[in-house]
Amino acid sequence: MYSFLLITFCSASALASSINSPCKVTDSSCMEIFLNTVQKEIVNGIPELGIMKSDPLFIETIEGNLSILKYKLFNSTLVGFKGCVISNLKINKDITNLKYDLNCPRLSLKGKYEISGRLVVLPIEGKGDYQSVAEKYLVHVESDLKKIEGADGKTHLSIENIIIKCIPQDIISYNFENLFNGQKKLSSEVHKFAYENWREVAELVQDPIWYSLYNNITGSMNKYLLSVAFEDVIRN
Ligand SMILES: *[C@@H]1O[C@H](CO)[C@@H](O)[C@H](O)[C@H]1NC(C)=O
Ligand SMILES: *[C@@H]1O[C@H](CO)[C@@H](O)[C@H](O)[C@H]1NC(C)=O
Ligand SMILES: *[C@@H]1O[C@H](CO)[C@@H](O)[C@H](O)[C@H]1NC(C)=O
């Protein structure tokens with residue numbers, strides 16, 4: 001009984017802070033405000049719902065298995081997701097598909113790396129500490145929306161099958177310590193190349209990183225959605 005009350009109370013309080021009235025599915029600007037508010041709350045963490053703060057976000061492992069390049073990032077910390085804003089939101093009439101753009105002003109990622117292969121055209125090899133700063137990112141996000149029945153017997157929305165398309169809008173800097181076992185000349189060639197060809201390099205390496213981030217954020221988003229009934233979020 002106590003835990004039931006607690007859950008009800010928590011859902012109600014999470015709900016109260018982000019929803020003034022359910023949005024009509026055709027009312028994109030209402031949905032956009034709703035999703036931006038939810039995203040902000042999620043990023044700050046909602047301990048009552050088991051949602052941990054996601055700025056900074058710790059990501060244990062990111063693995064990039066690309067045809068010409070293999071990399072692993074360990075114990076990475078991403079800072080800046082707080083600044084990302086949702087726009088151009090579209091939900092179809094059946095409420096089965098969600099699309100929006102995410103604009104992120106400045107994101108930084110640091111941790112440990114292992115890399116080997118080719119960075120576009122240059123050989124790259126190394127292991128050590130890394131840091132990367134992206135000044136401006138645009139991400140097109142598309143996903144399915146599923147209606148599921150929660151433990152409370154109510155219908156809830158769930159975000160599934162996320163597809164993202166990331167478009168770097170401005171310079172991305174990289175610092176890989178200890179490339180080529182510390183051989184300075186080879187290392188500075190790679191850094192110079194990555195600096196001068198930031199867009200091409202980003203297009204090569206970015207997807208596994210963004211998917212790791214997005215899987216995590218979506219996990220939190222879905223925990224949140226389980227706490228609010230479908231009809232409190234969207235009306236037809
Ligand atoms: C990457 O490739 C390695 C070795 O082929 C495999 O063990 C690993 O599961 C792959 N990781 C991903 C994320 O696909
Ligand atoms: C990541 O952090 C864990 C826990 O602190 C540590 O055991 C592990 O060695 C770290 N991984 C790397 C590659 O440094
Ligand atoms: C998100 O990341 C946090 C911190 O690394 C982790 O505790 C949590 O389980 C992750 N959530 C998902 C859904 O992967």
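- Residues Ile234 and Leu157 are in side-chain contact: their nearest non-hydrogen atoms beyond the backbone lie under 4.5 Å apart.
- With a 4.5 Å cut-off on side-chain heavy atoms, Tyr224 and Ile46 count as touching.
- Other members of the hydrophobic cluster containing Leu138, listed by chain and number, are Ile167; membership follows side-chain contacts under 4.5 Å among ILVMFWY residues, whether direct or relayed.
- Among residue pairs with one or both ends in residues 43-77, none qualify as ring pair (Phe, Tyr, Trp, His ring centres under 6.0 Å); sequence neighbours excluded.
- No single ILVMFWY cluster, assembled from side-chain heavy atoms under 4.5 Å apart, contains both Ile33 and Val85.
- Side-chain contact check for Asn65 versus Glu63: some heavy-atom pair is nearer than 4.5 Å.
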From CA spacing to verdict: side-chain contact (heavy atoms from CB on, under 4.5 Å), Lys53, Val43 = CA-CA 5 Å; Lys53 191 180 168 125; Val43 170; over 6 Å; no
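- Counting only distance, with no hydrogens or angles, the side chain of Asp232 and the backbone of Val228 share no donor-acceptor pair below 3.5 Å.
- Within the structure, the salt bridge (Lys or Arg N to Asp or Glu O under 4.0 Å) test picks out no pair touching residues 160-180 (sequence neighbours left out).
- Of the possible donor and acceptor atoms, one in the side chain of Asn178 sits under 3.5 Å from a partner among the backbone N and O of Lys127.
- In plain terms, the two heavy atoms of Asp55 and Val79 that are nearest each other are OD1-CA, 3.4 Å.
- Identified under the disulfide bond (SG atoms under 2.5 Å apart) test for residues 95-201, with sequence neighbours left out: Cys84-Cys104.
- Annotation: Asn175, atom CG; neighbour count of heavy atoms from other residues, nucleotides and ligands within 6.0 Å is above 12.
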From CA spacing to verdict: side-chain contact (heavy atoms from CB on, under 4.5 Å), Tyr174, Val133 = CA-CA 7 Å; Tyr174 303 89; Val133 178; over 6 Å; no
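- For the salt bridge (Lys or Arg N to Asp or Glu O under 4.0 Å) condition, the pairs that include at least one residue of residues 91-110, sequence neighbours left out, are Arg106-Glu135.
- Closest heavy-atom contact between Lys24 and Met31: O-CG, 4.3 Å.
- Rounded to the nearest 0.5 angstrom, Ile162 CD1 and Ser143 OG are separated by 4.5 Å.
- With Asn88 contributing its side chain and Tyr100 its backbone, the two residues share no donor-acceptor pair below 3.5 Å.
- Identified under the salt bridge (Lys or Arg N to Asp or Glu O under 4.0 Å) test for residues 186-215, with sequence neighbours left out: Lys185-Glu189, Lys192-Glu196.
- Side chains of Asn197 and Val120 form no contact here, defined as non-hydrogen atoms less than 4.5 Å apart.
- Judged purely by distance below 3.5 Å, without hydrogens or angles, the side chains of Ser29 and Asp27 pair a donor atom with an acceptor atom.
- Under the side chain to side chain donor-acceptor pair (under 3.5 Å) criterion, Thr96 pairs with Asn92, not counting sequence neighbours.
- Of all heavy-atom pairs between Val201 and Ala194, the closest is CG2-CA, 4.0 Å.
- Heavy-atom neighbours of Lys154 NZ from other residues, nucleotides or ligands within 6.0 Å: at or below the threshold of 12.
- Side chains of Asn97 and Glu142 form a contact here, defined as non-hydrogen atoms less than 4.5 Å apart.
- Taken from CD1 in Ile172 to CG in Leu109, the straight-line distance is 11.0 Å, to the nearest 0.5 Å.
- Listed by first and then second residue, the side-chain hydrogen bond (donor to acceptor under 3.5 Å, both in side chains) pairs that reach into residues 73-84 are Ser76-Tyr130, sequence neighbours excluded.
- Checked against ring-ring contact (aromatic ring centres under 6.0 Å, His included), Tyr137 has the following partners two or more places apart in sequence or in another chain: Trp210.
- The hydrophobic cluster around Ile148 extends to Leu226, counting ILVMFWY residues whose side-chain heavy atoms fall within less than 4.5 Å of a member.
- Atom CD1 of Ile209 and atom CD1 of Ile62 lie 5.5 Å apart (nearest 0.5 Å).
- Ile164 and Tyr211 make their closest contact through N-OH, 3.0 Å (heavy atoms, listed as atom of the first residue, atom of the second, distance).
- Put simply, the side chain of Ser212 gets close to the backbone of Pro208: a donor and an acceptor are under 3.5 Å apart.
- Of all the heavy atoms in Lys223 and Gly50, the pair that sits closest is NZ-O, 2.9 Å.
- Across every non-hydrogen atom of Ser220 and Ile51, the tightest pair is O-CD1, 3.4 Å.
- Counting only distance, with no hydrogens or angles, the side chain of Ser132 and the backbone of Ser173 share a donor-acceptor pair below 3.5 Å.
- Summarising the geometry, atom CG belonging to Leu186 is positioned 12.0 Å from atom NE2 belonging to His191; distances are rounded to the nearest 0.5 Å.
- Within the model, atoms CD of Gln39 and CE of Met221 stand 5.0 Å from one another, a figure rounded to the nearest 0.5 Å.
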key: Check against side-chain contact (heavy atoms from CB on, under 4.5 Å), Leu69 and Val205   = CA-CA 8 Å; Leu69 183 71; Val205 302; 3.7 Å; yes
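- Criterion: ILVMFWY side-chain heavy atoms under 4.5 Å apart, direct or through other members. Under it, Met52 and Ile42 are not part of a common hydrophobic cluster.
- Counting only residues at least two apart or in different chains, salt bridge (Lys or Arg N to Asp or Glu O under 4.0 Å) contacts with residues 114-126 are absent.
- Atom-to-atom distance recorded for Asn216:CG and Leu213:CG is 7.5 Å, nearest 0.5 angstrom.
- For Tyr113, the ring-ring contact (aromatic ring centres under 6.0 Å, His included) partners at least two apart in sequence or on another chain are Phe176.
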task = Might you work through the side-chain contact (heavy atoms from CB on, under 4.5 Å) test for Leu225 and Phe230, ending with a clear yes or no?
result = CA-CA 8 Å; Leu225 288 171; Phe230 171 74; over 6 Å; no
